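Worksheet: the structure to be examined is printed underneath.
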Amino acid sequence: MKTLLAQPGFLAPSGTIGADISYLLALVFTVLFLVSWGMAKKAQGTRHHNLILVSMVAMIVYFCAYYYARQLGVLSFEGREGFGGPDDIYENIFVPVLTTHLCLVVLGMILAFYMLSQGFRASEKVGGDYQLKEGPLKVSSRRFKIVMLTILGCWALVQVLLLVFRESPFGASVAYALIFATVALVASLEKLIEKLLPDGAKRHRVLGRTTMIIYALILVTSTATYLMLYVFYPAES
Ligand code: HEM
């Protein structure tokens, strides 16, 4: 698989199949998200919800397959060897663009999960079509406790599995502790978001638009990274 992905690509003279496929899929997913934004703007709540769900699931499957196939050999880890341009462009343009891209991807993923559940909570079916419910939307303190305890329980389960199946689980334990702490932090941000944007429908629109703008920026930064790596400054081979 790795050899196949490293074969010459079809988009740019210096690209690889892996880079070209991943760029094209990123393009397709972003366009799907933006089309589903257009549907929401035209008040087509159910079509918007269907397209968002399908593209989210496809995007997650793609991310898992991609990271598995390339074994984390993503652009960021190719580092300086993948970039054939001058040092000042590398330091002042390539690294900041790539760092911004990675931060946006992390933020976009967190917001996508949040928005999916918020979308269901903030809307209701009226005559077979999803519509946003105007009015305050709050998580009850009982449900909040259940969410926190579930996160704690999953973390404890992962710890036990690591202790049983791994010989030296320290590094993985720290990584999982950080991941679960982030999940708990994001879940607890809900209380702050409730204070800032109490109306569920308004919250969905404001955070939904922010998420869509982040997706558009992810496409801009990934296009810039692709062009720099494979069109303007390919590494000498
Ligand atoms: C990643 C997930 C999601 C994002 C980024 C998102 C984004 C948006 C945005 C930006 C709007 C407002 C459009 C505008 O006026 O500019 C919107 C409206 C809406 N969304 Fe979502 N959404 C997501 C998930 C969902 C889900 C899962 C549902 C339903 C279960 C849903 C139901 C709705 C409805 C009913 C509207 C109102 C459409 C209307 O104005 O009639 N959304 N969404």
Side-chain angles (χ1 to χ4, degrees), residues 22-67 74 100-140 143-144 146-148 150-151 154 179-180 182-223:
S22 85
Y23 177 66
L24 278 185
L25 285 174
L27 187 73
V28 170
F29 292 132
T30 316
V31 170
L32 286 181
F33 283 127
L34 296 179
V35 169
S36 93
W37 184 3
M39 290 172 169
K41 270 193 164 305
K42 285 191 223 143
Q44 299 171 338
T46 305
R47 293 183 74 199
H48 158 75
H49 150 258
N50 289 343
L51 189 60
I52 283 266
L53 269 191
V54 170
S55 27
M56 274 293 295
V57 172
M59 192 173 83
I60 291 165
V61 170
Y62 150 72
F63 261 115
C64 296
Y66 177 77
Y67 280 90
V74 267
T100 311
H101 176 71
L102 292 175
C103 294
L104 289 173
V105 168
V106 172
L107 198 62
M109 283 305 258
I110 293 174
L111 273 169
F113 280 109
Y114 176 79
M115 286 305 299
L116 273 183
S117 74
Q118 205 275 345
F120 282 108
R121 289 167 52 224
S123 53
E124 61 187 347
K125 274 202 161 179
V126 180
D129 199 19
Y130 276 107
Q131 283 183 9
L132 290 178
K133 287 183 282 193
E134 309 290 332
L137 179 71
K138 275 192 157 196
V139 185
S140 68
R143 186 174 277 209
F144 186 71
I146 295 176
V147 170
M148 285 302 183
T150 311
I151 297 172
C154 291
I179 291 172
F180 280 100
T182 311
V183 177
L185 184 76
V186 172
S188 50
L189 276 182
E190 170 67 7
K191 289 278 166 211
L192 179 70
I193 296 172
E194 275 172 9
K195 286 218 169 67
L196 297 176
L197 287 167
D199 185 291
K202 186 167 178 211
R203 197 185 308 160
H204 190 82
R205 289 200 184 94
V206 172
L207 294 180
R209 283 174 200 161
T210 313
T211 311
M212 293 296 189
I213 290 169
I214 288 178
Y215 289 153
L217 289 175
I218 289 177
L219 187 62
V220 172
T221 47
S222 61
T223 305

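This is a predicted model, so every value here is computed, not measured. Whatever order the structure lists ligands and atoms in, that order sets their numbers, starting from 1.
Other residues, nucleotides and ligands place more than 12 heavy atoms under 6.0 Å from the NZ atom of Lys133.
In this structure, CG on Leu111 lies 11.0 Å from CD on Gln118, to the nearest 0.5 angstrom. Atom-to-atom distance recorded for Leu104:CG and Leu219:CG is 11.5 Å, nearest 0.5 angstrom. Interatomic distance, CE of Met212 versus OG1 of Thr30, reported as 10.5 Å (0.5 Å rounding).
Considering only residues two or more places apart in sequence or on other chains, His48 meets the ring pair (Phe, Tyr, Trp, His ring centres under 6.0 Å) condition with none of them. For Tyr114, there are no ring pair (Phe, Tyr, Trp, His ring centres under 6.0 Å) partners two or more places apart in sequence or in a different chain. In this structure Ser140 satisfies the side-chain contact (heavy atoms from CB on, under 4.5 Å) test together with Arg142, Arg143, sequence neighbours excluded.
Among Ile213, Leu116, Leu207, Val206, the residue whose heavy atom lies nearest to atom 27 (C) of ligand 1 is Leu116.
Look at Glu190 and Arg203 and you find a salt bridge, because one of the NZ, NE, NH1 or NH2 atoms lies within 4.0 Å of a carboxylate O, short of that distance.
What sits closest to atom 35 (C) of ligand 1 on the protein, heavy atoms only, is Tyr130 O, 3.5 Å. Annotation: atom 12 (C) of ligand 1 to nearest protein heavy atom, Arg205 CG, 4.0 Å.
Close approach of ligand 1 to Gln131 (heavy-atom distance below 4.0 Å) involves ligand atoms 35 (C). Shown in contact with Trp37 at under 4.0 Å from a heavy atom are these atoms of ligand 1, numbered in order with element: 10 (C), 13 (C), 14 (C), 16 (O). Close approach of ligand 1 to Arg209 (heavy-atom distance below 4.0 Å) involves ligand atoms 10 (C), 14 (C), 15 (O), 16 (O).
Phe33 and Tyr215 have parallel rings, their planes meeting at less than 30° on a 0 to 90° scale where 60° marks the start of perpendicular.
Protein N, O or S atom count below 2.8 Å of atom 21 (Fe) of ligand 1: the structure gives 2.
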